[in-house]
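Residue numbers start at 1 and run along the sequence shown.
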Amino acid sequence: MNNSDYNKAENAVNKTENNLQNAADKAKWTINDLADKARDFIKEKKDNNEEVNENDWFEKVKSNFSDAWEDVKDKASDAWEKTKDAAEDVKAEWNKKTN
């Protein structure tokens, strides 16, 4: 097995790692973001003459995180498959060279 094969496998792992990190970063709401979004949520409810309650806010936050989790899960699944495939390719190439 030559360095090119190892480099391809390593690049696949690095790329999927970066994709996962980007997805996770995009999914996070910071405390400041949450505070701003809570204020916006309260203002929107008041503007529409709707009752403001914490449970509705929690449902909105939960929905956001649920959507974000699905995005992260998809990226993680993709990373798993690409990494597994690259590892299997490296192993197969190694077995060819050593047998």
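No salt bridge links Asp78 with Lys75; every basic N to acidic carboxylate O contact stays at or beyond 4.0 Å. Using a 4.0 Å cut-off between a side-chain N of Lys or Arg and a carboxylate O of Asp or Glu, Asp33 and Lys37 do not qualify as a salt bridge.
Summarising the local packing, CD of Glu50 is surrounded by more than 12 heavy atoms from other residues, nucleotides or ligands at distances under 6.0 Å.
The distance from atom CD1 of Ile42 to atom CG of Asp47, rounded to the nearest 0.5 Å, is 12.0 Å. Residue Asn55 holds its CG atom at 15.0 Å from NZ of Lys60, rounded to the nearest 0.5 Å.
The minimum heavy-atom distance between Leu34 and Trp57, with the atom names listed, is O-CZ2, 3.7 Å. Residues Val52 and Lys45 approach most closely at CG2-CB, 3.4 Å, considering heavy atoms.
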